[in-house]
S.K.: 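One structure follows; several queries about it will come next.
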Amino acid sequence: MSENAETTPAAGSFLEGTWLRILAPTLLALLFLGGWEMMVRVREIPPYILPGPIAIWKTLLRDWGSLSVSLLITLKITFMALSVAAILGLVLAILFAQSRIIELSLFPFAVILQVTPIVAIAPLIIIWVDDIAISLLICAWIVAFFPILSNTTVGLNSADHNLKDLFKLYRASRWQVLTRLLLPSALPYFLAGLRISGGLALIGAIVAEFVAGTGGSASGLAYRILEAGYQLQIPRMFAALVLVSTTGIAIFLALSLLTHLLLRHWHESAMGRGDRR
Amino acid sequence: MSPRRPLLSLTGVSKRYATGTLALEGIDLTIMPGDFIALLGPSGCGKSTLLRLIAGLTSPSAGTMEWPMAMHDAAGEVERDIGFVFQEPTLMPWANVIRNVALPLELAGMKRREAEERAAEWIARVDLKGFEKAYPRALSGGMRMRVSIARALVTRPRILLMDEPFAALDEITRFRLNNDLVQLWAQERFTVIFVTHSVFESVYLAERIVVMAPRPGRIAEEVAITAPAERGEEFRTSPEYAAQCRTVSLALSSAMGGAHE
């Protein structure tokens with residue numbers, strides 16, 4: 001062999017980094033929760049003002065039956081909104097990359113959609129759309145859509161110009177250029193957009209439900225928070241809040257894992273600090 | 001056999017960019033099959049533009065380019081049959097070595113399996129056997145350039161265009177790749193047009209050196225190089241090599257009007 005390939009990075013430093021990444025925030029969280037519990041007990045704060053973490057945990061376990069039903073509903077809206085946002089964002093970004101006129105005429109409207117506060121238009125959507133689930137879905141979609149669209153558009157436009165020349169040289173068809181050059185180039189950008197949108201879809205679903213304020217058994221976590229607030233069941237309110245945050249974190253972690261799996265072979269962003277070169 | 005026909009002749013070719021810059025003016029150049037031509041000149045003399053014109057990546061503003069031996073496609077366009085090596089390796093980072101090398105064949109509609117078989121042959125010929133599944137980021141600069149060369153040659157093109165391909169490599173790697181390129185050329189006898197700003201590299205590699213001058217880019221002089229059939233380290237250290245380097249150096253500095261640059 002003439003030139004040598006770079007040797008693989010030291011595994012030790014990577015492992016150390018992973019441990020630190022998990023251990024440090026966990027320790028901080030335990031400290032925070034401990035301090036919180038202690039303060040509530042020492043100062044004898046009543047649970048309807050501020051419940052301690054242990055009380056919240058107990059409530060979460062006790063009310064798991066009704067809370068889990070709501071969690072599933074919120075999850076369903078979030079994922080459907082995210083999927084529609086991902087598909088539509090991708091398709092629209094591809095259209096933008098194919099035709100400048102489509103991009104110039106549609107992009108401003110995508111921006112308008114993005115900058116209009118969802119809290120302000122959610123009531124209108126809820127009035128216009130009969131089905132409450134669909135109106136929640138639309139609200140969540142509006143919030144989640146733009147990061148995917150704009151990121152993917154940037155990604156499709158960022159393909160290496162020499163590679164573009166190469167494809168031109170070999171007389172690649174538009175389809176070949178799209179599938180073999182533009183889409184792979186855009187993948188890291190699309191995934192970054194998806195990670196932002198995952199959190200936003202959840203926020204959109206929650207905000208819209210707050211505005212809609214629908215009750216009944218088929219309501220999501222936001223309504224559980226509202227309802228618990230009205231009834232001064234503050235521990236239950238906190239329990240629902242914990243579920244919302246946990247869901248958000250889980251979505252972020254899942255999408256980060258997906259990004260890592262798809263990009264680990266080639267993209268800087270998906271490599272451990274150790275194997276960067 | 002009838003007298004040899006040129007592969008390509010350029011007559012009075014000029015290129016003016018939309019910005020108004022005259023990149024090339026009045027280029028007359030005849031390229032015969034099997035030639036190894038170096039385009040030598042300082043930056044800004046239009047040598048890369050000339051290469052892009054030949055590749056069909058841009059079209060001339062004036063003058064004619066004739067391909068007497070080329071076929072024409074259905075749209076009446078010349079089938080150039082070209083391999084191109086850029087200054088950067090220009091590999092697809094998301095694809096491993098074999099997928100990168102097989103790309104031109106697959107773009108031409110070849111089945112993936114057959115394309116990969118042929119790609120594997122060329123990967124072996126550029127000394128990268130065993131690295132088929134490696135991703136570009138795991139390779140050194142010299143290895144990436146080898147992949148790029150394998151990809152350019154996998155379609156067995158009639159012409160290999162190279163745009164300062166080794167400029168970014170260290171000297172040891174560059175010498176080795178120079179030797180390998182000369183060897184491949186001796187075996188395959190494709191036509192090479194090699195852009196460089198190095199006098200030493202051009203004399204070592206080429207049979208004909210086209211010295212170019214800047215502002216506007218034009219051909220100043222052409223120097224024929226005499227070298228043994230087997231170019232190698234012996235040639236690199238011979239007095240003949242040194243003498244020809246001096247000749248080309250003088251041609252280059254007179255092309256630049258004796259200006260110090």
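These numbers come from the heavy atoms of this one structure, side chains and all, not from hydrogens, waters or symmetry mates.
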S.K.: Tell me, side chain or backbone of A:L187 under 4.5 Å from chain B's heavy atoms, or both, or neither?
M.R.: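 Neither part.
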S.K.: Check whether B:R52 gets within reach of chain A through its side chain, its backbone, both or neither, counting any heavy atom under 4.5 Å.
M.R.: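 B:R52 touches chain A through side-chain heavy atoms alone.
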S.K.: Measure B:L91 against the heavy atoms of chain A and call it side chain, backbone, both or neither at under 4.5 Å.
M.R.: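 Only the backbone of B:L91 comes within 4.5 Å of chain A.
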S.K.: Which of these passes side chain to side chain contact (heavy atoms under 4.5 Å, CB included) with A:F145: A:I148, A:L149, A:V143?
M.R.: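 Going through A:I148, A:L149, A:V143 one by one, the side chain to side chain contact (heavy atoms under 4.5 Å, CB included) with A:F145 is satisfied by A:L149 alone.
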S.K.: Report yes or no: is the cationic atom of B:R189 (NZ for Lys, CZ for Arg) closer than 6.0 Å to the six-membered ring centre of B:W185, at no more than 45° off its axis?
M.R.: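 B:R189 over B:W185 ring: yes.
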S.K.: Does B:F200 CZ have over 12 foreign heavy atoms under 6.0 Å away?
M.R.: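 Incorrect, the count does not exceed 12.
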S.K.: Less than 4.5 Å to any heavy atom of chain B: does that hold for the side chain of A:N162, its backbone, both, or neither?
M.R.: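 Contact with chain B is through both the backbone and side chain of A:N162.
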S.K.: Would you mind checking which part of A:S173 comes under 4.5 Å of any heavy atom in chain B, side chain (CB onward), backbone (N, CA, C, O), both or neither?
M.R.: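 Nothing of A:S173, per the 4.5 Å heavy-atom cut-off to chain B.
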S.K.: Counting heavy-atom pairs under 4.5 Å to chain B, which of A:L166, A:D160, A:L181 comes out on top?
M.R.: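 Most heavy-atom pairs within the cutoff with chain B belong to A:L166.
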S.K.: Less than 4.0 angstrom from a charged side-chain N to a carboxylate O is my criterion; do B:E233 and B:R236 meet it?
M.R.: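 Here B:E233 pairs with B:R236 in a salt bridge, since their nearest N and O are under 4.0 Å apart.
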S.K.: Identify which part of B:Y135 has an atom lying under 4.5 Å from any heavy atom of chain A, answering side chain, backbone, both or neither.
M.R.: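 Just the side chain, heavy atoms under 4.5 Å.
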S.K.: Are side-chain heavy atoms of B:F86 and A:D165 found at a separation under 4.5 Å?
M.R.: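 When only atoms from C-beta onward are counted, A:D165 and B:F86 do touch, with a gap below 4.5 Å.
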S.K.: By a 4.5 Å heavy-atom criterion (distance strictly below it), what part of B:Q87 contacts chain A: side chain, backbone, both, or neither?
M.R.: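 Interface part for B:Q87: neither.
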S.K.: Do you see a donor-acceptor pair shorter than 3.5 Å between the side chains of A:R195 and A:S256?
M.R.: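 Yes, a side-chain donor-acceptor pair sits under 3.5 Å.
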